[in-house]
Structures are given as structure tokens and as C-alpha cells.
Student: 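Just dropping this structure here.
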Amino acid sequence: MKHSVCVLGGGSFGTALANIMAKNGHQVSQWMRNEEQVEEINLTGLNSRYLPNAPLHRELLATSNLEQAIRDSDTVFVSIPSKSFEQVVQRIEPLLTADKILISTTKGFNPNRFELMSDVLRRNPITQRIGVLSGPNLAKEIAAGQMTGSVVASSDDQVRQRVIELLKSPTFRVYESKDSKGVELAGALKNIYAIVCGLAKALNVGENTMSMIMTRSLAEMSRFAVHFGANPMTFLGLAGMGDLIATCTSPLSRNYRVGFAIGSGQDLNEAVGGIGEVAEGVNTLKMVVDEAQKHGLYMPLAKGLSKLLFDNAKLESLIGSMMTGEQKWDVEFATNEENSNV
Ligand SMILES: NC(=O)C1=CN([C@@H]2O[C@H](COP(=O)(O)OP(=O)(O)OC[C@H]3O[C@@H](n4cnc5c(N)ncnc54)[C@H](O)[C@@H]3O)[C@@H](O)[C@H]2O)C=CC1
Ligand SMILES: O=C(CO)COP(=O)(O)O
């Protein structure tokens with residue numbers, strides 16, 4: 001069945017997803033603020049600022065008419081950075097109907113209060129057909145046709161099936177999860193550790209250290225997420241380990257590049273300014289460290305990075321806090337019996 005879809009956001013990920021769905025034969029409107037960008041995409045089939053090397057499907061329609069894009073769609077993907085997510089969702093609320101499906105692809109927290117993007121979506125009184133999409137999904141690689149796996153999480157089977165129907169292609173495979181909390185938290189939290197890994201890479205640490213940092217990152221992520229209701233097993237999947245590997249090892253990751261720039265001597269403003277795209281990990285770091293403090297959650301890597309970025313602490317404090325913090329179980333979600341034997 002062919003669907004009418006709206007993608008909110010003219011950035012790299014929104015464009016990559018819109019292009020897959022247009023290639024799959026669905027009617028796709030990609031809404032963006034910038035009129036010149038709309039004109040460029042419709043006239044040239046290119047989004048030169050975000051995906052300059054990805055010719056877009058000729059049926060992909062860019063538009064700045066939000067009302068029309070939402071009204072004509074049965075499915076809405078929100079690919080707006082977390083800092084603006086709430087304000088955009090408030091604009092579309094009067095345009096929603098009970099049958100519409102809403103999918104967040106945004107990996108971050110609402111900067112206005114500690115909540116995830118799906119929480120923002122759930123506040124609308126019209127439709128609760130809501131899902132989240134996450135996983136190792138570097139937009140430029142998707143646009144280049146690299147084989148990619150993603151995970152759609154929703155308690156609603158029809159929502160999961162709709163996303164699979166829209167996005168499944170020879171190079172884009174969509175897996176399912178019912179653990180929305182875990183999938184969404186994994187996607188947001190991994191950006192913190194992408195900054196840590198970019199920073200470590202700039203310091204030429206070896207593969208042993210990188211592997212230790214990534215493994216302990218997964219431990220911190222899942223410790224935080226389980227406290228807020230996630231299934232720890234989710235972190236063994238695409239949204240957890242998968243996205244952590246992709247984002248912590250690739251210069252295509254904006255968060256990794258922020259970390260690398262800082263490790264190369266730039267301050268935070270220079271590093272973020274030099275990227276020219278969103279780096280969700282900076283806001284996520286602030287909010288997660290605050291919440292971890294409130295709830296007594298042990299997150300030495302996140303705390304050390306926060307001191308480095310926001311309190312001018314020395315780099316050694318970050319590596320040091322990981323190496324000298326209180327010794328923790330290697331895997332802490334085994335049963336007590338298994339732990340006692342480890
Ligand atoms: N780029 C990637 O590889 C992936 C990104 N994501 C997530 O997708 C979300 C969107 O990221 P990208 O598309 O990569 O960001 P981007 O930085 O490439 O583009 C952001 C887009 O949002 C638009 N925007 C910002 N504020 C707006 C507002 N108030 N109203 C309307 N439009 C606004 C910008 O104009 C821009 O077109 C982020 O949360 C990111 O973590 C998820 C998976 C992969
Ligand atoms: O989430 C992403 C890949 O899965 C993109 O990561 P960055 O936002 O760090 O570029």
C-alpha cells in the first residue's frame with residue numbers, strides 16, 4: 001500500500017529518510033523552514049548543505065507549507081533537533097487527526113524539561129499512535145546506499161508495521177522493538193560517549209582504551225536507562241551497541257567530531273561552531289549529568305566529560321575518573337547468583 005508521508009526537518013537525517021520513502025514509491029513531502037532550500041531541492045534534486053552528494057528522488061517534494069504537508073499525510077516523521085522539537089510539535093498539533101502516526105527520529109532530550117521526544121509527542125490530545133526510530137544510521141552512509149539497520153520501537157504493532165512498510169528497502173532494514181523507553185534513551189545517551197570517544201581518538205589512545213571506553217559507556221548508558229524503566233537487553237541491539245559503535249568510531253558523527261575538535265585543543269564553542277550541524281550530545285550531557293546526580297546514578301565518564309566541557313577541568317580527570325572510580329561489576333545486569341560467581 002502506498003502512503004502519504006511528511007518528514008519535518010530539512011537536515012541530513014530527515015532528507016535521507018524522505019529519500020528512501022520517495023524511492024519506495026510513497027508520496028513524500030519534506031517540510032523545512034528555508035525557502036531557498038525548498039527551491040533548490042525541487043529544482044535540482046539536491047540538498048547541497050546537508051547531503052551534497054546524494055541525488056534525491058524526483059518525486060520527493062520539498063515544501064515550506066506546514067499545514068498542507070501535515071494535512072495530506074497519514075504518517076509524520078519528526079527529524080527536528082531536540083532544541084526545537086517541542087515548538088515544532090506545538091505548531092502541528094492543531095493539524096493532527098486520530099489516524100495519524102507520529103514517529104520521532106530525534107536523539108535527545110527536551111532542553112526545557114527532562115523528557116524525551118516521544119513524551120513531547122504524547123502530550124498531544126489527538127493521536128497516541130507514536131513510535132521512535134533509532135540505530136546506527138549515519139545519514140550520509142544511508143544516502144550513499146550503504147547497508148543499514150534501524151529499529152522502530154512502539155507498543156503499537158500497526159505503528160511498527162507502518163514504519164517498516166515505509167522504510168524497508170534493499171539497503172535499509174528495519175527491526176522491531178516494544179521497548180520505546182530503552183530505544184529512545186539509547187539513541188540520546190550514545191551521543192555523550194561519541195564526544196568522549198572523539199576526544200580520546202584525538203589523544204591517540206590505543207584500541208584497548210577505546211574498547212574499554214565504549215564498553216564502559218554501554219554500562220553507563222544502560223545503568224541510566226534501566227533506572228528510568230528501560231529493558232537492559234535493548235542495549236545489546238541496534239539502538240544501543242549498534243549506534244554506539246557507529247557513532248563512537250566514525251568521523252561522520254557530529255558528536256564524535258565535537259569530541260575530536262576538543263581533544264585537538266578547541267574549546268566547546270569553537271568545536272560546535274565548526275560542525276555547522278546539530279550535535280545533540282552537548283545538551284544531553286548537561287541534562288543526564290544533572291539527573292544522574294539527583295538519582296545517585298554512577299556515571300564517571302559522563303561526569304568527567306561534563307567537568308571537562310563545562311567546568312574547565314583537566315583531561316586527565318576524565319580518563320582518571322574512569323580508571324580510578326569505585327570498581328564496578330563488568331556486567332551488572334546478570335542475576336545476583338551469576339554476579340556472585342563472576
Ligand atoms: N544525521 C544523522 O546521521 C542522524 C541524525 N539523527 C537525529 O535526527 C535529528 C535531526 O538531525 P539532523 O537531520 O542530522 O540535523 P541537521 O543539523 O542535519 O539538520 C537539522 C535541521 O533541522 C532544522 N531546524 C532546526 N530548528 C528548526 C525549527 N525551529 N523549525 C524548523 N526546522 C528547524 C534545520 O534547519 C535543519 O534543516 C537529531 O536529533 C539527530 O540526532 C538520527 C540518526 C542519524
Ligand atoms: O545518530 C547518528 C547515527 O546513528 C548520528 O550521529 P551524530 O548526531 O553524532 O552525527
Side-chain angles (χ1 to χ4, degrees), residues 2-97 99-108 110-112 117-118 120-121 123-124 126-127 129-133 137 139-140 142-143 162-163 166-167 254 273 275-280 283:
K2 296 308 173 192
H3 292 278
S4 297
V5 191
C6 171
V7 177
L8 302 180
S12 46
F13 196 47
T15 306
L17 291 178
N19 199 38
I20 293 173
M21 294 186 278
K23 283 180 177 175
N24 283 347
H26 302 291
Q27 185 182 327
V28 181
S29 298
Q30 185 183 0
W31 173 78
M32 56 201 77
R33 293 178 294 189
N34 185 318
E35 276 293 351
E36 281 116 57
Q37 197 181 21
V38 168
E39 201 172 314
E40 178 195 44
I41 290 172
N42 290 337
L43 289 177
T44 69
L46 266 187
N47 182 342
S48 59
R49 172 164 179 201
Y50 292 99
L51 292 178
N53 304 314
L56 303 176
H57 193 274
R58 65 185 179 287
E59 296 300 318
L60 194 167
L61 176 70
T63 179
S64 60
N65 186 331
L66 183 62
E67 289 69 22
Q68 185 177 2
I70 297 291
R71 190 173 48 242
D72 296 346
S73 300
D74 56 37
T75 314
V76 180
F77 287 76
V78 190
S79 289
I80 300 286
S82 58
K83 70 176 176 8
S84 307
F85 193 96
E86 185 174 44
Q87 76 180 77
V88 172
V89 170
Q90 283 167 346
R91 285 184 63 186
I92 71 171
E93 189 169 301
L95 307 164
L96 297 178
T97 52
D99 62 324
K100 283 192 195 315
I101 286 178
L102 306 178
I103 304 296
S104 169
T105 76
T106 297
K107 295 178 176 176
N110 185 349
N112 305 318
M117 301 297 100
S118 61
V120 176
L121 291 177
R123 288 211 296 267
N124 91 77
I126 314 294
T127 173
R129 306 180 79 196
I130 289 165
V132 297
L133 187 75
N137 292 178
K140 286 183 168 63
I142 294 171
R162 174 73 61 81
V163 172
L166 289 170
L167 284 169
R254 287 77 54 95
I275 302 293
E277 296 181 33
V278 73
E280 292 276 19
N283 175 59

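These numbers come from the heavy atoms of this one structure, side chains and all, not from hydrogens, waters or symmetry mates.
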Student: Could you work out, with salt bridge (Lys or Arg N to Asp or Glu O under 4.0 Å) as the rule, every residue matching Arg123, not counting sequence neighbours?
Tutor: Glu86, Glu115
Student: With side chains defined as the heavy atoms from C-beta onward, is the minimum distance between Leu133 and Leu167 less than 4.5 Å?
Tutor: yes
Student: Residues in salt bridge (Lys or Arg N to Asp or Glu O under 4.0 Å) with Glu277, at least two apart?
Tutor: Lys140, Arg254
Student: Where do Ala62 and Met32 come nearest, in terms of heavy atoms and distance?
Tutor: CB-CE, 3.9 Å
Student: ring-ring contact (aromatic ring centres under 6.0 Å, His included): which pairs involve residues 45-69, sequence neighbours left out?
Tutor: none
Student: Any side-chain heavy atom of Ser82 sitting closer than 4.5 Å to one from Asn283?
Tutor: yes
Student: Please tell me if the side chains of Leu8 and Leu66 come closer than 4.5 Å, counting only heavy atoms from C-beta onward.
Tutor: yes
Student: Is Ser73 reaching over with its side chain to a backbone N or O of Cys6, donor-acceptor style, under 3.5 angstrom?
Tutor: yes
Student: If you look at every heavy atom in Leu46 and Ala54, which pair is closest and at what distance?
Tutor: CD2-O, 3.5 Å
Student: Leu102 and Asn124: which non-hydrogen atoms are nearest, and at how many Å?
Tutor: CD1-ND2, 3.7 Å
Student: Taking Ser79 for the side chain and Gly9 for the main chain, is one N or O donor matched with an acceptor at less than 3.5 Å?
Tutor: no
Student: Look up atom CG in Asn42 and atom CG in Leu56, then write down how far apart they are to the nearest 0.5 Å.
Tutor: 10.0 Å
Student: Going by atom types alone, do Asn65 and Thr63 pair a side-chain donor with an acceptor below 3.5 Å?
Tutor: no
Student: Considering residues at least two apart in sequence or located in another chain, which fulfil the salt bridge (Lys or Arg N to Asp or Glu O under 4.0 Å) criterion with Arg162?
Tutor: Asp74
Student: Do you know which two heavy atoms are closest between Val278 and Pro81, and how far apart they sit?
Tutor: CG2-CB, 3.7 Å
Student: Does the side chain of Ser118 pick up a donor-acceptor pair with the side chain of Ser104 at under 3.5 Å?
Tutor: no
Student: Might you work through the side-chain contact (heavy atoms from CB on, under 4.5 Å) test for Arg91 and Val88, ending with a clear yes or no?
Tutor: CA-CA 5 Å; Arg91 285 184 63 186; Val88 172; 5.5 Å; no
Student: Give me the atom names and distance for the closest heavy-atom approach of Ile126 to Glu93.
Tutor: CG1-O, 4.3 Å
Student: Using a 3.5 Å distance criterion without hydrogens, assess whether the side chain of Arg71 forms a donor-acceptor pair with backbone atoms of Leu95.
Tutor: no
Student: Would Thr127 and Ile101 satisfy side-chain contact (heavy atoms from CB on, under 4.5 Å), going step by step from the backbone distance to the final call?
Tutor: CA-CA 7 Å; Thr127 173; Ile101 286 178; over 6 Å; no
Student: Of the non-hydrogen atoms in Ala143 and Leu51, which two are nearest, and what is the gap between them?
Tutor: CB-CD1, 4.0 Å
Student: With side-chain contact (heavy atoms from CB on, under 4.5 Å) as the criterion, how do Asn110 and Met117 come out once you've worked through the C-alpha distance, each side chain's angles and the decisive distance to 0.1 Å?
Tutor: CA-CA 7 Å; Asn110 185 349; Met117 301 297 100; 4.0 Å; yes
Student: For Asn53, check side-chain hydrogen bond (donor to acceptor under 3.5 Å, both in side chains) against everything at least two apart and list the hits.
Tutor: none
Student: So how far is it from Ser4 OG to Ile70 CD1, rounded to the nearest 0.5 Å?
Tutor: 12.0 Å
Student: How far does CG of Asn112 sit from CZ of Phe85, to the nearest 0.5 angstrom?
Tutor: 12.5 Å
Student: With a 4.5 Å heavy-atom cut-off, do Glu59 and Val28 have their side chains touching?
Tutor: no
Student: Are Ile142 and Phe13 side-chain neighbours, meaning at least one heavy-atom pair lies under 4.5 Å?
Tutor: yes
Student: More than 12 foreign heavy atoms under 6.0 Å from CD of Glu40: is that the case here?
Tutor: yes
Student: For a 4.5 angstrom cut-off between non-hydrogen side-chain atoms, does Trp31 reach Ile80?
Tutor: yes
Student: How many angstroms lie between CD1 in Ile92 and NZ in Lys100, if you round to the nearest 0.5 Å?
Tutor: 9.0 Å
Student: Give a yes or no on this: more than 12 heavy atoms of other residues, nucleotides or ligands lie within 6.0 Å of atom CD of Glu39.
Tutor: no
Student: Sort and list the pairs that fulfil side-chain hydrogen bond (donor to acceptor under 3.5 Å, both in side chains) and have at least one residue in residues 14-26, not counting sequence neighbours.
Tutor: Thr15-Gln30, Thr15-Asn47
Student: May I ask you to decide if Ser64's main-chain N or O and Glu35's side chain share a donor-acceptor pair within less than 3.5 Å?
Tutor: no
